[in-house]
Colleague: 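Quick one: the structure is below, and I'll ask about it shortly.
Atoms within each ligand, like the ligands themselves, are counted from 1 in listed order. Residue numbers start at 1 and run along the sequence shown.
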Amino acid sequence: MKVSIFGAGYVGLGFAACLAEAGHEVLCADADAGRIDGLLRGRMPLHEPGLEALVAAGLAAGTLQFTADARTASLHGDLLFIVVNTPADAQGEVDLQHVMAVARSIGQHRDRDALVVCKSTAPVGTAEQVEAVLQGELSQRGAAHRIAVAVNPEFLREGSAVRDGRRPDRVVIGTQDPQAIELLTRLYAPFVRDAKQQLLVMDRRSAELTKYAANAMLATRISFMNEMARVAEHAGADIEMVRRGIGADPRIGPGFLQAGAGYGGSCLAKDVRALRHAADRDGHALRILSAVEAVNHEQKGRLFDLMAHHFEGRIAHKTIALWGLAFKPDTDDMRDAPSLVLLERLWAAGARVQAYDPAAMANARAIVGERGDGIRWCASAEEALQGADALALVTEWREFGQPDFAHIANTLKTPAIFDGRNLYDAAEAEAAGIAYYGIGRGRSVFLR
Ligand SMILES: NC(=O)c1ccc[n+]([C@@H]2O[C@H](COP(=O)([O-])OP(=O)(O)OC[C@H]3O[C@@H](n4cnc5c(N)ncnc54)[C@H](O)[C@@H]3O)[C@@H](O)[C@H]2O)c1
């Protein structure tokens, strides 16, 4: 099938490459001409395991093409996907300008019937707005093409976008138009094993809300576990044991139960904020989500609080080795990353940081800017340790998983590990002579 995709970001690019791999003829467009130019020259704009090879294979096979021209993309596909960014401001108001810009260009250029599919995460009612913008453009130029608008939210996880794209656990199709259902069912046929189970057809508003409800639930699980971690700390229990104990219950399941340094990323915080804002505007406050946000906000300061406790408030002039900057492993995405909060708190307290991340250094540098002596960007985890007083782990990259604790103990000036992802075995670190602080790991440092 011929497919146009507007937006070559974390979602659009992976989706385009997976469709192309399945044999669809995909044209992926982006308003950022530099990004498209780079892609055509084989330069990836983002880090996502397996994606570079998939893009290269699609280009070589001719099933994947790129353009910066909205008109060409508006004319190419039978299905046209809107996969552009939908940021939310601090209050949760979602900026739909990019979505509407795509709708306008399709309405201005399209020369025949089409199915437009909203994949961007956007508030309930956005598909109706997209439809109104499209119809406005069509009627302005006296065109009578039938352009249907469906919703198809995305549930992939950054860091495993290719795997999730190839094998989605479910595909939500928001439309009641039989022709649109048929087209989307055919498009996704190579990706689902059991269409009856995995293709969930519903009305557009329910599909839009499904995406927000999913992210709100995931955020809720994380904040719940962070709150339980506080209980564990004070009760002398280990949250990691509790996690295993409850995750084995099929009614609960093991996912998204990790206590840690707080959730981040481009989606959870933004989508929880947006959902809360929309509900507030409709006159019903979402009390659970207010608490979820408050717990997460506090949790992002947790590692710093542990350090302040350990150093008895004397953090000025300390040098902290920081392992991990990205909001999660296997991505270079720094949007809303908990590491940014820790960095700011450390700098405000007069500390210096020696940071290393396998993929997110460039994005982190672009966000935090020039900080003089406040930060040294290191080429390896080992370099970050040299001359540091203590180590903080914020992202659980695989390469941080099996450290040589004896070496860390010999290298750090006052050996201490602040483990924001509960990656390490406390007893092992302590046996090497390291003071170990995890999140909810059995003893309350504040009660000692
Ligand atoms: N990142 C995720 O893990 C994830 C998961 C599920 C859903 N989503 C949602 O998917 C959408 C895209 O997210 P993302 O992370 O890929 O964003 P992104 O910022 O990585 O990419 C968006 C791309 O759209 C391009 N763009 C903006 N306006 C355009 C236009 N008028 N025409 C063509 N291209 C345009 C931008 O230049 C950018 O390259 C968002 O609504 C997001 O909430 C993201």
Colleague: How about I181 and T185: do any of their side-chain heavy atoms sit closer than 4.5 Å?
Modeller: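 Yes, close enough: below the 4.5 Å cut-off.
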
Colleague: Does ligand 1 come near enough to K119 that some N or O of the ligand is less than 3.5 Å from an N or O of the residue?
Modeller: no

Colleague: Only one of L343, L346, L303 forms a side-chain contact (heavy atoms from CB on, under 4.5 Å) with I320, so which one is it?
Modeller: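 Among the candidates, only L346 passes.
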
Colleague: Does some side-chain heavy atom of D95 sit less than 4.5 Å from a side-chain heavy atom of D89?
Modeller: no

Colleague: If you take the nearest heavy atom of each of T121, T86, V102, V83, which one is closest to atom 32 (N) of ligand 1?
Modeller: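 Looking at heavy atoms only, V102 sits closest to atom 32 (N) of ligand 1.
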
Colleague: Is the contact between R335 and ligand 1 made by the side chain, the backbone, both, or neither, using heavy atoms and a 4.0 Å cut-off?
Modeller: side chain

Colleague: Considering only protein heavy atoms, which is closest to atom 27 (C) of ligand 1, and at what distance to one decimal place?
Modeller: N85 OD1, 3.3 Å

Colleague: Please work out whether the ring planes of F81 and F15 are parallel, tilted or perpendicular, with thresholds of 30° and 60°.
Modeller: perpendicular

Colleague: Any salt bridge between R441 and D238, counting N to O under 4.0 Å?
Modeller: yes

Colleague: What is the closest protein heavy atom to atom 6 (C) of ligand 1, and at what distance does it sit?
Modeller: E154 O, 3.3 Å

Colleague: Hey, is C267 touching ligand 1 through its side chain, its backbone, both or neither, going by heavy atoms under 4.0 Å?
Modeller: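 C267 to ligand 1: side-chain contact only, backbone stays beyond 4.0 Å.
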
Colleague: Please classify the A31 to ligand 1 contact at 4.0 Å (heavy-atom distances, strictly less than): side chain, backbone, both or neither.
Modeller: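 The answer is both, backbone and side chain.
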
Colleague: Among E158, R35, K211, whose heavy atom sits nearest atom 1 (N) of ligand 1?
Modeller: E158

Colleague: W323 and ring-ring contact (aromatic ring centres under 6.0 Å, His included): which partner among Y356, W397, F400?
Modeller: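 Checked Y356, W397, F400 against W323; only one passes ring-ring contact (aromatic ring centres under 6.0 Å, His included): F400.
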
Colleague: Does a donor on one side chain and an acceptor on the other come within less than 3.5 Å for D203 and S206?
Modeller: yes

Colleague: Quick one: nearest non-hydrogen protein atom to atom 23 (C) of ligand 1, plus distance?
Modeller: D30 OD2, 3.6 Å

Colleague: Give me the residue, atom name and distance of the protein heavy atom closest to atom 11 (C) of ligand 1.
Modeller: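 For atom 11 (C) of ligand 1, the nearest protein heavy atom is V84 O, 3.3 Å.
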
Colleague: Among V11, D164, L96, which one has a heavy atom closest to atom 44 (C) of ligand 1?
Modeller: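 Minimum heavy-atom distance to atom 44 (C) of ligand 1 goes to V11.
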
